[in-house]
Trainee: 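First, the structure itself, so that you have it in front of you.
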Amino acid sequence: MNKLRTIQSIVDHGIVAVLRAKDADEVAEMAEQAIAGGIKAIEITMTVPSALRAIEKLAAKYSSKATDESKFAIIGVGTVLDPETARAAILSGAEFVVGPALNPATVALCNRYRVPVMPGVMTIKEIQEALELGVDIVKLFPSTTPAMIKAIKGPLPQANVMPTGGVTLDNVGEWISAGAVAVGIGSDLTAEATKKGDLNLVAKRAAQYAEAFKRAKAIG
């Protein structure tokens, strides 16, 4: 049941913040600012030094089960290359797992623990394999244009696709209209904040993305 609730929450909120930073403290602060701005699904990438420490900190403060909106968030892990990393992150509190590529052993591990896993895919063959392994949402990576989703939906209308890369504030609506169940946002969310040394700007940008997603869903 936790897996189903987590997947539904990701789809309902629609925006996944893909966060990278110089250390665990900075990425945790970025996450808190993104959550304050209205992005409730947070992906801490394993490229961040001591990323598991950041996940533990965030998982202790936020929960997908929280009834208090200020404490509600879904904390996940990204750039997961193998099942060992996935398990360590899950034990640290990660509620979903994202990888840059399809690794069957990682998918099996996540399925065993009933944790949503979103492997990176580029081809119809990879998406079909992911579906056969029991993946609920595939991460289209790298993604360049919403037309990619329409092309995928031709032979595989049942695939739930989350593009990451190529998504901007200006084209969120196009991705949703094309059939994306959610979108991953990376550097566009944090670039200005890190450049100016003001992480409060992450919350402002997050609010813009959250509002853009709501408008896109309302339009349908």
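Residues take their numbers from the sequence shown, with the count starting at 1.
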Trainee: For residues P119 and E126, determine if any side-chain heavy atom of one lies less than 4.5 Å from a side-chain heavy atom of the other.
Mentor: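 The answer is no, as the side chains (C-beta and beyond) never meet within the 4.5 Å cut-off.
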Trainee: Determine, using the 4.5 Å side-chain heavy-atom cutoff (strictly less than), whether V138 and V80 are members of one ILVMFWY cluster.
Mentor: yes
Trainee: Check whether any side-chain heavy atom of I42 sits under 4.5 Å from a side-chain heavy atom of Y62, and report yes or no.
Mentor: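 In short, these two side chains do not touch, never coming nearer than 4.5 Å.
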Trainee: For R87, look at atom CZ and say whether over 12 heavy atoms of other residues, nucleotides or ligands are found less than 6.0 Å away.
Mentor: no
Trainee: Could you list the donor-acceptor pairs under 3.5 angstrom formed between side-chain atoms of residues 156-165 and any protein atom two or more places apart in sequence or on another chain?
Mentor:
from : atom 1 : to   : atom 2 : distance (Å)
N160 : ND2    : D136 : O      : 3.0

Trainee: Would you indicate whether the side-chain heavy atoms of R20 and V18 approach each other to under 4.5 Å?
Mentor: yes
Trainee: Could you walk me through whether K40 and E69 pass the salt bridge (Lys or Arg N to Asp or Glu O under 4.0 Å) test, one step at a time?
Mentor: CA-CA 10 Å; K40 297 298 186 175; E69 184 65 18; 3.7 Å; yes
Trainee: Atom OG in S92, atom CG in L52: separation rounded to 0.5 Å?
Mentor: 4.0 Å
Trainee: Distance check, rounded to the nearest 0.5 Å: E211 atom CD versus I15 atom CD1?
Mentor: 11.0 Å
Trainee: Under a 4.5 Å cut-off applied to non-hydrogen side-chain atoms, are N103 and L81 in contact?
Mentor: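 Counting from C-beta outward, N103 and L81 never come under 4.5 Å.
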Trainee: Counting heavy atoms not belonging to K153, are there more than 12 under 6.0 Å from its NZ?
Mentor: yes
Trainee: State, yes or no, whether a side-chain contact exists between F72 and S64 at a heavy-atom distance under 4.5 Å.
Mentor: yes
Trainee: Give, for atom CZ of R5 and atom CG of D12, the distance between the pair rounded to the nearest 0.5 Å.
Mentor: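 The CZ atom of R5 sits 12.5 Å away from the CG atom of D12.
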Trainee: Would you call I90 and L109 a side-chain contact if the rule is heavy atoms closer than 4.5 Å?
Mentor: yes
Trainee: Taking C-beta and beyond as the side chain, do K65 and N2 meet within less than 4.5 Å on heavy atoms?
Mentor: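 Of all side-chain heavy-atom pairs linking N2 with K65, at least one is under 4.5 Å.
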Trainee: Nearest 0.5 Å please: distance from the NE2 atom of H13 over to the NZ atom of K217.
Mentor: 12.5 Å
Trainee: With clusters defined by side-chain heavy atoms of hydrophobic residues (ILVMFWY) lying less than 4.5 Å apart, directly or transitively, does I185 cluster with L140?
Mentor: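 Yes, L140 and I185 fall within the same hydrophobic cluster.
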Trainee: When rounded to the nearest 0.5 angstrom, what is the spacing between CD in E192 and NZ in K196?
Mentor: 4.0 Å
Trainee: Within the 3.5 Å criterion, strictly below it, is a donor on D68 or S70 matched to an acceptor on the partner's side chain?
Mentor: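 A pair is found: one side chain offers a donor N or O, the other an acceptor, under 3.5 Å apart.
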Trainee: Could you walk me through whether V202 and E32 pass the side-chain contact (heavy atoms from CB on, under 4.5 Å) check?
Mentor: CA-CA 9 Å; V202 174; E32 292 185 6; over 6 Å; no
Trainee: Could you grab the distance from atom CD1 of I137 to atom CG of L131, nearest 0.5 Å is fine?
Mentor: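 Answer for the CD1-CG pair, I137 versus L131, is 11.5 Å.
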Trainee: Is there side-chain contact between K22 and T194, with at least one heavy-atom pair below 4.5 Å?
Mentor: no
